[in-house]
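Okay, so here's the structure we're looking at.
The shown structure was predicted, so the numbers you read here are calculated from the model rather than taken from an experiment. Letters A, B, ... mirror the listed sequences (proteins, then strands); counts begin at 1.
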Amino acid sequence: MGQITLTFPDGAEKQAEAGITPAQIAEGISKSLAKKAISAQVNGQHWDLQWPIESDAQIAINTMKDEGPALELIRHDLAHIMARAVQEIWPDVKVTIGPVIENGWYYDFDRAEPFTPEDLGLIEERMRKIIAARDPVRTEVWERARAIAHYEANNEPYKVELIDSIPGDEPLRMYWHGDWQDLCRGPHLQHTGQVPGDAFKLMSVAGAYWRGDSDRAMLQRIYGVAFQNKDGLKKHLHMLEEAAKRDHRKLGREMDLFHFEEVAPGSVFWHQHGWRLFQTLIAYMRRRQEAAGYQEVNSPDIMDRGLWETSGHWQNYRENMFQAETQDDREYALKPMNCPGHMLIYNQGIKSYRDLPVKLAEFGKVHRYEPSGALHGLLRVRSFTQDDAHIYCTPEQLTEECLKVNDLILSIYSDFGFDDVHVKLSTRPENRIGSDESWDKSEDALRTALDQAGMSYTIFEGEGAFYGPKLEYVLRDAIGRDWQCGTLQVDFNLPERFKTTYTAASGERLAPVMLHRALFGSLERFTGILIEQHAGKLPFWLAPRQVVVASIVSDADDFVHEAVAQLKKAGIQAEADIRNEKINYKVREHSLAKVPVILAVGAREVEDRTVTVRRLGEKQTQVLPLDEVIETLRAEATPPDLRS
RNA sequence: GCUGCUGUAGCUCAGAGGUAGAGCACUCCCUUGGUAAGGGAGAGGUCGAGAGUUCAAUUCUCUCCAGCAGCACCA
């Protein structure tokens, strides 16, 4: 055995025998550290206390104070402890995999009977016993053949399959939590007692396909959350409650914005107030696009099968399309996208290079037969309105046009308070059309645009569309969830299929490059995100109900009506509330409905031509002259793009 | 689409093999009250749809539809 040099975080060096473990190192430092240690960082790698170190290394011992490793170990050990508990209660259950995820872990089981909510309680109880037993965690590296034989003997086919998929040069590691054994790459804690027994909770059971493949067995996945202490768990559960409160489906009902019906699954019935919000968004976008040189067009909703064959949708997208047959024996389809229609509009007449870029925009409603299980409120629907546009340009204009779209998207998101925008760049997939040079060019165009804009982005190799690479703009909402909204795609395919051309300076007929882009993406989805982002308390300019003028005594009714009329004249959405109710009642009701401003009018206000202003979420009120309030609100009601 | 769960009044939910209940909302009456629920009375339901078992089904069984969670999908 040779000597190795260990370097500690403070720079101190120590000689040790090769094969020494972090547990032994900790022991050499102090008894209490040895007890508190949970794992180590060895050359930056998360390292089990039991794994030997064979060569010179930077080493640091982790304790529960090191949040990252601590959480990972707690969650990972809990996955094992849960699997052990499940097999102790139901020995015939087959185990599969159980990784750590955000806030917790899950473990997938194969069991004939479904787990019930009561079962989760049983499992939790058993887990606490295992934790209380402080069972030691032990690890060994096994030969493949031995591991396979072991799992075959124990009738664990999923584990056998897992081993088969692990590359041959990787060591197979076995872990024991007490007597319970699992294949695992580790690392793990010293013993089960290091897991806080009061900081985890089993959350739910749901189906999940083995290896994420919908052609394979459906397993049962149990999700758990875990933190370093009880307080962390409590905070997390509280956060979930808060998130549930801002669920747009709930708020949509409470604010009377929209509803759904069984007769039209995945399609929105917009009510007055929701539709007003929707139209406010469209009006905003229309102004922005007009200013950016787009021409708004409109294409048919139902078009002949032949068109969809030309575009390739019939071949590639048919299972997502609503189809219609008519008495004249023609087959039609509802448009799932606007691009083919725009190709036909572009193709009218002859375009010169002088005309390019041509930017066709449409607030078209597209219909897609989404899988039933995918539907989710406004965020995943079967009919939705896109702020769609197609830009036809020369190859030379490509980068500049991408940059313009990028700038426009960011400027727009910023107007809505979304400054935390993440971009995904998806590059050429295996199956693709077009030459490598054109892919180089289009990927470069997207990358250059991002670089010039100083954007950070993540590259998803091979995730692009078959006709071109794409950018996806992902918005993060107030509680950390990501939603894909805007998109920008480069397309060499459709211009070719539709024989689309422009006349170049040389007189040649050339194919333009085409960009598909949507900024909000789906108006429905964007509306849903906005509602959640603001927990229903929309900024004044977006709020569908902006002001309620409420009487305190009926003698104020006339002045209430006068105030409403003046507010409306100033372009503000105002309503009167002269019901025979106390002001407390009215304030409560309109506050719950998220009306941003309540103007209360009693005898004093009538006398002085003032109103008492109460802003949503504020307890304080302010008495101001009506005229002054109207001027203030008029300014607030101005959309951000129209403010000076 | 798959696995599991759910579907009762406008909303939130309780209920039980013998054709239903609460709170809020709604209507009417009383009350004119100063910033998150004033009081009283009343009306309101083919218990998601269809079939089966049963003397009897909203309740049990099956099929379908929709919703929820997750998975898969997501140009």
Are the charged groups of [X] and [Y] less than 4.0 angstrom apart, N to O?
X	Y	value
Glu161(A)	Arg216(A)	yes
Arg211(A)	Asp108(A)	no
Glu362(A)	Arg517(A)	no

In the structure shown, which nucleotide is the Watson-Crick or G-U wobble counterpart of [N], with both distances under 3.5 Å?
N	answer
rA43(B)	none
rC13(B)	rG21(B)
rC71(B)	rG1(B)
rU6(B)	rA66(B)
rG34(B)	none
rC60(B)	rG52(B)

request  = Examine Trp90(A) together with Phe115(A) and report whether their ring centres are nearer than 6.0 Å.
outcome  =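 Between Phe115(A) and Trp90(A), which both carry aromatic rings, the centre distance is below 6.0 Å.
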Just N and O in the side chain of [X]: are any of them under 4.0 Å from OP1 or OP2 of [N]?
X	N	answer
Arg249(A)	rA69(B)	yes
Ser214(A)	rC2(B)	no
His376(A)	rC74(B)	no

Rounded interatomic separation in angstrom, taking [atom1] from [X] and [atom2] from [N]:
X	N	atom1	atom2	value
Glu581(A)	rC28(B)	CD	P	12 Å
Met343(A)	rA75(B)	CE	C1'	14 Å
Tyr209(A)	rG4(B)	OH	P	12 Å
Lys594(A)	rA36(B)	NZ	C1'	12 Å

inquiry  = Between Glu472(A) and Gln489(A), is there a side-chain donor-acceptor contact under 3.5 Å, judged purely by atom types and distance?
reply    =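 Per modelled atom types, Gln489(A) and Glu472(A) side chains form no pair under 3.5 Å.
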Remember a base hit wins even if backbone is also touched, and classify [X] as base, sugar-phosphate or nothing at under 4.0 Å, heavy atoms.
X	value
Thr116(A)	nothing
Leu592(A)	base
Tyr223(A)	sugar-phosphate
Lys470(A)	sugar-phosphate
Glu605(A)	base

task = Nearest-nucleotide wise, let me know which of Asn316(A) and Val553(A) is further upstream toward the 5' end of RNA chain B.
result =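 On the 5' side of the pair lies Val553(A).
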